[in-house]
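Atoms within a ligand are numbered from 1 in the order they appear, just like the ligands themselves. Note that the structure is predicted; figures quoted are calculated from it, not measured. Heavy atoms only: backbone and side chains are in, while hydrogens, waters and symmetry mates are out.
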Amino acid sequence: MKVLRLTPQTRLDLFPGYLWDGESPALTSDMVVCLRQGRIDRIIPQASYRPDGSQQLYLPQLTLLPGLVDAHVHLALDGLDFKTSVDRWQDPEAMSRCIKKQLEAFLEHGVLAIRDGGDASGWNLWARDRAPLEGPVPRIVATGRALHKKGFYGSFLGPPLTPPYDWEGTVKGLAAAGSDQIKVIVSGLVTFRHWGEVGPVQFDVNELRPLVEAAHERGLKVMAHANSDGAVRQAVLAGVDSVEHGYFVSDETLELMAERGTYWAPTVAAVANRLKVGRGREYNPRERDIIKGTVELQLKKIAHAHERGVRLIIGTDAGAPGVYHGRSYEDELSFFLAAGLPPLAVLRAATSVGAGALGLASELGSIAPGKLPYLIAVAGNPLEDPSALQRLEAVILLERA
Ligand SMILES: [Zn+2]
């Protein structure tokens with residue numbers, strides 16, 4: 001795989017065999033994409049192209065499309081072992097190596113933008129701003145530390161809150177620390193001892209609404225971890241921008257999400273991958289059945305969400321047990337396809353819609369004049385055969401500023 005790192009000085013004209021812009025229902029062919037000053041300057045038919053001394057790159061037979069977006073990852077966790085991951089937080093050098101490897105894995109799978117759902121030590125902010133990384137790095141949207149209620153699920157993601165809540169002060173502090181978005185934990189985790197068990201709701205709509213208002217006043221989106229229909233509904237009614245996980249959501253709440261334009265990252269891999277090699281042994285047959293049923297229900301809900309026009313996005317929860325950075329993106333795409341979504345809808349979720357959830361719609365996720373060049377080239381037509389995404393031939397991205 002070829003990796004092309006661009007600087008604002010790069011003048012490059014791309015000649016892909018085919019182009020998919022991140023939104024259109026079909027590919028176009030014989031176009032030239034001209035990159036100038038770190039932006040996509042123009043897209044013109046090859047017939048009207050006049051060389052101006054800029055570098056040219058031919059990508060014959062390949063389809064050029066926007067880089068993929070993983071809307072939910074945890075760079076501080078390795079997906080292999082939770083305890084080892086958290087112990088590693090004490091060792092900056094080991095963290096540096098681990099995060100570097102994970103970021104490389106995203107690039108190897110064509111994932112050029114990620115949103116980190118937080119960790120209590122703020123490694124996601126470090127990865128975005130200060131990690132001594134040489135080489136290309138995907139664009140990172142960091143939430144910093146996630147908010148949860150004291151005594152409830154989420155202590156490894158951020159500091160505990162106790163009522164009465166000072167949402168203004170909390171948001172101000174997170175913004176000052178560099179959070180691009182606010183992550184809040186509204187429920188617990190899906191467990192597999194009993195069908196539908198997800199832990200209690202931590203914050204209700206009246207508690208969440210002032211948080212959302214304080215975040216929006218500062219131009220920050222709110223990313224809400226919520227399982228159970230009750231938790232999802234409270235979060236959506238409070239006006240959060242994206243629902244993460246959303247297991248056991250009802251069709252009525254999906255309708256509300258469609259109406260309000262709430263993004264949904266169903267993170268199927270986060271549950272399904274627990275049954276993958278080795279890991280499944282932790283569960284007895286009854287629990288394995290619960291996991292399978294939970295995944296089946298989630299696939300059905302993805303189909304229902306698509307029918308209702310919910311803004312679905314691809315978020316893997318990479319870093320969770322069995323959910324490997326980069327590699328699990330293929331898993332999540334295959335779950336969306338297994339849910340019956342047409343490849344076009346899955347690819348939009350993976351690019352333009354995902355970029356919207358990251359707050360980067362004006363910068364990446366689609367190929368249009370003015371956008372930043374975060375692009376991939378694959379062999380084949382991904383709209384007809386999504387496995388083309390696994391035949392990644394080139395990654396094009398901006399050098400980290
Ligand atoms: Zn997560």
Side-chain angles (χ1 to χ4, degrees), residues 69-83 85-86 89 98-99 102 105-106 111 113-125 127-128 138 140-149 152-160 174 179-192 198-199 202-203 221-228 231-232 235 240-249 262-274 279 294-295 298 312-329 331-332 335 354 357-358:
V69 178
D70 191 335
H72 191 135
V73 312
H74 297 275
L75 288 171
L77 304 173
D78 65 13
L80 297 167
D81 188 80
F82 179 75
K83 193 181 171 303
S85 288
V86 175
W89 294 359
C98 181
I99 287 178
Q102 288 165 183
F106 282 115
V111 178
I114 56 177
R115 179 175 61 166
D116 194 293
D119 65 88
S121 285
W123 285 105
N124 62 104
L125 298 169
R128 187 194 63 193
I140 300 170
V141 171
T143 58
R145 293 167 172 85
L147 306 172
H148 75 284
K149 187 173 178 175
F152 289 71
Y153 167 76
S155 59
F156 68 100
L157 293 167
L174 287 168
S179 297
D180 295 312
Q181 299 196 0
I182 303 300
K183 169 89 180 288
V184 59
I185 313 291
V186 183
S187 78
L189 212 55
V190 185
T191 60
F192 310 109
V198 297
Q202 302 191 18
F203 304 109
K221 289 185 190 291
V222 179
M223 172 183 186
H225 163 118
N227 290 306
S228 82
V232 175
V240 305
D241 299 275
S242 70
V243 166
E244 311 298 311
H245 319 303
Y247 281 83
F248 308 105
V249 66
T262 317
Y263 293 94
W264 183 29
T267 65
V268 185
V271 171
N273 283 16
R274 287 172 183 260
R279 303 216 61 85
T294 303
V295 169
Q298 190 75 332
L312 282 157
I313 52 178
I314 309 286
T316 55
D317 211 1
V323 190
Y324 309 117
H325 296 268
R327 209 192 325 162
S328 59
Y329 202 84
D331 301 336
E332 195 67 19
F335 292 128
L358 268 61

R128/D180 salt bridge by N-O under 4.0 Å criterion: yes
Considering residues at least two apart in sequence or located in another chain, which fulfil the salt bridge (Lys or Arg N to Asp or Glu O under 4.0 Å) criterion with [X]?
X    : answer
E332 : none
D241 : none
R145 : none

After noting the C-alpha distance and the side-chain angles of V249 and V243, does the key distance pass the side-chain contact (heavy atoms from CB on, under 4.5 Å) rule? CA-CA 10 Å; V249 66; V243 166; over 6 Å; no
For the Zn ion (ligand 1), report each protein N, O or S atom nearer than 2.8 Å, sorted by chain and then by residue number. H72 NE2, H74 NE2, D317 OD1
Side chains of H74 and N124: donor-acceptor distance under 3.5 Å anywhere? no
